[in-house]
Amino acid sequence: MYFTLFVTVLVTAVFLVLAAYAIAKAIGPRSYNPVKGEPYESGIPTRGSSWLPVHIGYYLFAILFLMFDIETVLLYPWAVVVQDLGPMALASIGFFLLVLVFGLAYAWRKGALEWK
């Protein structure tokens, strides 16, 4: 049963991708102008390299955002079933929140939350 479902989903996905590609090729605009192939259409030549180093603060901020975003996503299902699980669930979520608070305190102490 699951194999049939898997094959059906796979065939449907492949069909939809191929159909979207065929429709885009059929009705999409065609421009064979060589200028359109240039990286910038303004005609102004670029200066310097496009590969600039990104400040590590962006990555730290993104990781912290994901950490607390996942916390919110995990807290909702826990809150729905907490009465059925009993006091052990309360202790486990307390430990989970404690680890997150320690992570936040560590990031704060290291200066990851300061935008410079």
Side-chain angles (χ1 to χ4, degrees):
M1 177 179 161
Y2 288 117
F3 181 73
T4 307
L5 181 65
F6 175 73
V7 169
T8 304
V9 169
L10 189 65
V11 167
T12 304
V14 169
F15 172 75
L16 288 175
V17 168
L18 291 176
Y21 182 74
I23 290 170
K25 279 299 223 182
I27 65 173
R30 291 178 184 87
S31 175
Y32 300 108
N33 189 350
V35 176
K36 290 285 188 175
E38 295 292 322
Y40 297 99
E41 296 178 5
S42 65
I44 300 171
T46 59
R47 287 181 282 176
S49 174
S50 301
W51 294 97
L52 299 175
V54 179
H55 191 265
I56 192 69
Y58 293 115
Y59 295 111
L60 291 174
F61 198 78
I63 288 171
L64 288 172
F65 172 76
L66 286 175
M67 184 174 76
F68 289 104
D69 190 44
I70 290 171
E71 170 202 3
T72 305
V73 168
L74 291 176
L75 278 178
Y76 180 74
W78 172 82
V80 170
V81 297
V82 68
Q83 284 184 328
D84 299 336
L85 298 177
M88 190 61 187
L90 188 61
S92 66
I93 203 66
F95 180 73
F96 177 70
L97 290 174
L98 185 70
V99 169
L100 283 174
V101 167
F102 280 140
L104 177 64
Y106 177 77
W108 196 342
R109 184 162 175 93
K110 288 292 184 179
L113 301 177
E114 295 176 13
W115 204 259
K116 295 180 184 178

In one Ile/Leu/Val/Met/Phe/Trp/Tyr side-chain cluster, 4.5 Å: L90, L75:
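Shared cluster, yes.
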Indicate, with yes or no, if F68 and L74 share a hydrophobic cluster defined by side-chain heavy-atom contacts under 4.5 Å among Ile, Leu, Val, Met, Phe, Trp and Tyr.
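Yes.
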Go through the steps for V17 and Y21 under the test side chain to side chain contact (heavy atoms under 4.5 Å, CB included), then give the verdict.
CA-CA 6 Å; V17 168; Y21 182 74; 5.5 Å; no
If I take atom [atom1] from residue [X] and atom [atom2] from residue [Y], how far apart are they, to the nearest 0.5 angstrom?
X	Y	atom1	atom2	result
T8	F3	OG1	CZ	9.5 Å
Y59	I63	OH	CD1	10.0 Å
L97	L104	CG	CG	12.0 Å

Of D69, L64, I70, which is the lone residue that meets side-chain contact (heavy atoms from CB on, under 4.5 Å) with M67?
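Per the side-chain contact (heavy atoms from CB on, under 4.5 Å) rule, the option paired with M67 is L64, out of D69, L64, I70.
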Does the side chain of Y76 reach to within under 4.5 Å of the side chain of V80, using non-hydrogen atoms?
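Side-chain contact under 4.5 Å: yes.
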What pair of heavy atoms forms the shortest contact from W78 to I93, and how long is it?
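Minimum heavy-atom contact is CZ2-CG2, 3.0 Å.
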